[in-house]
Each structure stands twice: as structure tokens, then as C-alpha cells.
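We number each residue from 1, following the sequence as shown.
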Amino acid sequence: MAETHAADPAPRSAIDLDTATLLSLAGGLADRIVLQAMRARGHHVTRAHGFIFQRLLTGEQSITALAADLRITQQGASKHVQELERLGLVTRRTDERDKRARVVALTDRGRAAIALAREARAAFESHVAALVGVEELAATRHALAAVLDDAGITAHIADRSIPWQD
């Protein structure tokens, strides 16, 4: 005789969800909001492109360095750089020190896209502060920073080498 199980009841609201699910859903929402703002202004980028942008903010990078820092393959880094180049957000040129290598740099349009993303994130932050209050938001930020510190992510923030998370 087959054993029957009662269905797992669905949560009634977001507050019924566990912290990991809330973080995942809220992070995805923040990403979508930023990407929608960018697309509305003609920048058809992806979340993955943001990891490339972060590394390029430190200066030009070779494909090899991008791949190593992001912990992806050189093929993967090349693919994303080609997409960004087609969008006019980065440029590639031959490395003057090593004629076999190519270096990638942000274009003015790429820097404008980054500025737009920052504006969208600031608007999201203001919206959240208006929803929950500045003190509650500060406490949430503190808790999230503690989680990142514990996971060792903070060590990568200053040099913009946060590992790829796909």
C-alpha cells in the first residue's frame, strides 16, 4: 500500500519564509530593479556583466586576469567581454607589454552604465528606507554585512574580486 503524505502548506506571506529564501528573493528583486532601470535607458546588460564591470573599475584587465579573479574559464570571460564590446561598454586592445595578450577597459558608455546602476541601487535603498525606516534598514545592513564577513566575502570587496555566483 502506498504511503500518502500531506502536502506541505504554502507560506501565507513573506515573513513566513526562512532567511535564506528571503535573502535570495530580495537579492533577485534588487537585481531585476537595477537591470530594468538600465534597460529602460538602453543598456541591455545582465547580472553577470556586473561582475566584469566591478573588475574593470580597478583598471584595464586581461581576459586571463578577469577569468582568474572571477573564478570562471577564460572562454566564459571572453564571451561576456565580447557581449559588452558589442554593446559599446568595453573596448579591447593589444597589451603594450605583451603583444599576444588583449586587455579590456571600460568605455565612456560603460562608465555611464555603471553610474546609472548606482543611481538605481540608491533609489532602491531609499525606497526600502521609506518602507521600513532608516533604523530598521541600518540593522538589516548590519546583519547582512555580518553574514558576508562570516562567509569571507568581505575580503573581496575592496579589490572588487567577489567570486562569480552562478
For a quick test of reading the model, state the closest non-hydrogen atom pair linking [X] to [Y] and the distance between them.
X: His80; Y: Ala48; result: CE1-CB, 3.7 Å
X: Gly88; Y: Thr107; result: O-OG1, 2.6 Å
X: Val90; Y: Val81; result: CG2-O, 3.7 Å
X: Ile63; Y: Ser78; result: CG2-OG, 3.4 Å
X: Leu22; Y: Leu17; result: CD1-O, 3.7 Å
X: Met38; Y: Ala113; result: CE-O, 3.3 Å

Do Leu57 and Leu116 sit in one hydrophobic cluster, given that two such residues count as connected whenever their side-chain heavy atoms are within less than 4.5 Å of each other, even indirectly?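 Per the 4.5 Å side-chain linkage, Leu57 and Leu116 are co-clustered.
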Mind jotting down which residue pairs meet the salt bridge (Lys or Arg N to Asp or Glu O under 4.0 Å) criterion with at least one end in [range]? Sequence neighbours excluded, please.
range: residues 111-129; value: Glu125-Arg141
range: residues 126-139; value: none
range: residues 49-63; value: Arg55-Asp69, Glu60-Arg93

Can a side-chain donor-acceptor contact be found between Thr91 and Glu85 if the only test is distance below 3.5 angstrom?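 Looking only at side-chain atoms, Thr91 and Glu85 do not form any donor-acceptor pair under 3.5 Å.
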With no hydrogens and no angle check, do the side chains of Thr64 and Gln61 hold a donor and an acceptor under 3.5 Å apart?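 Checked: Thr64/Gln61 side chains show no N/O donor-acceptor pair below 3.5 Å.
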Is there a donor-acceptor contact under 3.5 Å from the side chain of [X] to the main chain of [Y]?
X: Ser126; Y: Ala122; result: yes
X: His49; Y: Thr46; result: yes
X: Arg47; Y: Leu35; result: no
X: Ser24; Y: Ala20; result: no

With a 4.5 Å heavy-atom cut-off, do [X] and [Y] have their side chains touching?
X: Gln82; Y: Arg92; answer: yes
X: Asp16; Y: Ser13; answer: yes
X: His43; Y: Arg39; answer: no
X: Phe51; Y: Leu66; answer: no

Going from OG1 on Thr94 to CZ on Arg100, what distance comes out if it is rounded to the nearest 0.5 angstrom?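 It comes to 12.0 Å.
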Could you list the cluster mates of [X]? Members are the ILVMFWY residues connected by side-chain heavy atoms closer than 4.5 Å, either directly or through other members.
X: Ile33; value: Leu29, Phe124, Val128, Leu131, Val132, Leu137
X: Ile15; value: none
X: Leu144; value: Leu23

Pair Leu106, Leu89 - check side-chain contact (heavy atoms from CB on, under 4.5 Å), show working. CA-CA 6 Å; Leu106 290 167; Leu89 302 171; 5.8 Å; no
CG of Asp18: more than 12 outside heavy atoms within 6.0 angstrom?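 Yes - once you tally the heavy atoms of other residues, nucleotides and ligands closer than 6.0 Å, there are more than 12.
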Candidate pair Ile52 and Leu70, rule side-chain contact (heavy atoms from CB on, under 4.5 Å), full reasoning: CA-CA 8 Å; Ile52 304 287; Leu70 297 172; 3.6 Å; yes
